[in-house]
Colleague: 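Handing you a structure now.
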Number of protein chains: 2
Amino acid sequence: MTEVPWLDEGEQQAWRALMTMQDDLAEFLDRQIRNRDGLSKADYEVLAHLSEAPGGRLRSFRLGELLRWEKSRLSQHLGRMENRGLVIRERSLADQRGADVTISRRGTDLITAAAPRHVADVRAAFFDHLTAAELQTITTIAGKVKEGLAKLQP
Amino acid sequence: MTEVPWLDEGEQQAWRALMTMQDDLAEFLDRQIRNRDGLSKADYEVLAHLSEAPGGRLRSFRLGELLRWEKSRLSQHLGRMENRGLVIRERSLADQRGADVTISRRGTDLITAAAPRHVADVRAAFFDHLTAAELQTITTIAGKVKEGLAKLQP
DNA sequence: TACCGTTGGTTGACGTGTGAACCAGTTGCG
DNA sequence: CGCAACTGGTTCACACGTCAACCAACGGTA
């Protein structure tokens, strides 16, 4: 470990800082949603996508694309959310293989209450600390990294 | 959802970019370690800390501090790692409550092989795309966000 | 010295994520 | 038309994370 070519001082510092920022941020936001709104981050994202879709309804595989989730994960999670009355699943009429997922009244109420509070948290935890230039830099970096990763995994 | 005060265009773009960069990066690095070295990210981090400690040995609670893990998580994970022969646990002589965790020969071999490849991945996926100024900005932002979070949760 | 609060760790129950196997419906092609 | 390949989903087994309850050892104070 100690004898391998490692990152230099500045790189190591930046990497650690980024990783812990990421952890802390995710943990804070998850906990807020969970404790205040009774939703996991996963629940929140499912409901957010559904509530933005026309009629609060999406084909299951389309939802999976938007969330970038494995299909088994989506299936398991929707099953749990259905049991809790947050969404309704029914076989699609257009394609008998598929399923339509619809947000329930209860799901709508929950996401409606949770969303503005979540946005406020994101502001308080992140954007309030950033200058416009820093914001721009973040976007630039993220774009480059994402592009690079796409090339690394063909 | 659509009628609540939301983030502005630039903020939304930055936030999405940061979140997906984070997801992609984590997923790429995890998958590399898992497929190539047969270790989860959690395994890797435990072994990395142990291998850097004198004698490859740490008190369990100290390891927990370094990893910032809940104690139950640490206990469960060390149990699994012990079953796989990666670490050895024994009651501490100094304090009969505590446990000493020692990296095994097998654990040492694995982390020794995995570490340089992981560093190379981090470079390829992240640092190779960044200027010195961007690196500096990252560190600055992460510091400010971390500080802000500390104030938000007293 | 005896007791009580604290500390270090383990356990059990449960929610969550992944990969592989599987299944039914659909599509393409001879 | 008939059948193989593909698609959309589910299920199973397992790894992982969190919380709450628990337990034994330690440490300070009456």
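Chain letters run A, B, ... following the sequence lines, proteins first and then strands; every chain starts at 1.
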Colleague: Rounded to the Å, how far apart are A:Lys41 NZ and C:dG15 C1'?
Modeller: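 In whole Å, C:dG15 C1' lies 16 Å from A:Lys41 NZ.
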
Colleague: Taking the basic N atoms (NZ, or NE/NH1/NH2) and the acidic carboxylate oxygens, is any pair closer than 4.0 Å for A:Arg31 and A:Asp121?
Modeller: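 No, this pair does not count.
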
Colleague: Can you find a side chain N or O atom of A:Arg80 that sits less than 4.0 Å from OP1 or OP2 on C:dT16?
Modeller: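 Yes, because at least one side-chain N or O of A:Arg80 sits under 4.0 Å from OP1 or OP2 of C:dT16.
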
Colleague: Which residue, A:Ala94 or A:Ser40, contacts DNA chain C at a nucleotide closer to its 5' end, judged by nearest heavy atom?
Modeller: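 The residue mapped nearer the 5' terminus is A:Ser40.
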
Colleague: Can you check each nucleotide of nucleotides 1-12 of chain C against protein heavy atoms at under 4.0 Å and return B for base, S for sugar-phosphate only, - for none, in 5' to 3' order?
Modeller: ------BBBBBB

Colleague: Quick one: label B:Arg31 by what it contacts on the DNA or RNA (base, sugar-phosphate, nothing), any heavy atom closer than 4.0 Å.
Modeller: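 Sugar-phosphate contact only - B:Arg31 comes under 4.0 Å of backbone atoms but never of a base.
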
Colleague: Please output the side-chain donor-acceptor pairs of residues 64-73 of chain A that fall under 3.5 Å, not counting sequence neighbours, one pair per line with the distance.
Modeller:
from, atom 1, to, atom 2, distance (Å)
A:Glu65, OE1, A:Arg62, NH1, 2.7
A:Arg68, NH1, B:Asp24, OD1, 3.0
A:Arg68, NH2, B:Asp24, OD1, 2.7

Colleague: Have A:Asp37 and A:His118 got a donor and an acceptor in their side chains that come within less than 3.5 Å?
Modeller: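 Side chains of A:Asp37 and A:His118: no pair found under 3.5 Å.
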
Colleague: Rounded to whole Å, how long is the line connecting atom CH2 of A:Trp69 with atom C1' of D:dG9?
Modeller: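 Nearest whole value for this atom pair: 15 Å.
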
Colleague: Atom CG of A:Asn35 to atom C1' of D:dC19: distance rounded to whole Å?
Modeller: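 From A:Asn35 CG to D:dC19 C1': 11 Å.
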
Colleague: Figure out the CG/P separation between B:Asp30 and C:dT16, and round it to whole Å.
Modeller: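 Interatomic distance, CG of B:Asp30 to P of C:dT16: 20 Å.
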
Colleague: Provide, to the nearest angstrom, the distance between the CD atom belonging to A:Glu27 and the P atom belonging to D:dG17.
Modeller: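 Taking atom P of D:dG17 as the reference, CD of A:Glu27 is at 13 Å.
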
Colleague: Between P on C:dT18 and NE2 on A:His77, what's the gap in Å once rounded to a whole number?
Modeller: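 My rounded result for the distance is 12 Å.
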
Colleague: With a cut-off of 6.0 Å (strictly less than), are more than 12 heavy atoms of other residues, nucleotides or ligands near CZ of B:Arg84?
Modeller: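 More than 12 within 6.0 Å, yes.
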
Colleague: Using a 4.0 Å heavy-atom cut-off, does B:Arg84 contact any base of the nucleic acid, only the sugar-phosphate backbone, or nothing at all?
Modeller: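 Contact class for B:Arg84: none.
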
Colleague: A:Glu65 has an atom CD; how far is it from atom P of D:dT7, in whole Å?
Modeller: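 Computing the A:Glu65:CD to D:dT7:P distance gives 12 Å.
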
Colleague: Does a salt bridge link A:Asp100 with A:Arg57, judged by any charged N lying under 4.0 Å from a carboxylate O?
Modeller: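 Salt bridge: yes.
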
Colleague: Side chain of A:Arg91, backbone of A:Gln96: donor and acceptor closer than 3.5 Å?
Modeller: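 Yes; judged by distance alone, with no hydrogens or angles, the pair exists.
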
Colleague: Atom CG of A:Leu39 and atom C1' of C:dG15: how far apart are they, to the nearest Å?
Modeller: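 It is 14 Å, rounded to the nearest whole Å.
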
Colleague: Under a plain distance cut-off of 3.5 Å, with no hydrogens placed, do B:Gln76 and B:Arg80 share a side-chain donor-acceptor pair?
Modeller: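 Per modelled atom types, B:Arg80 and B:Gln76 side chains form no pair under 3.5 Å.
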
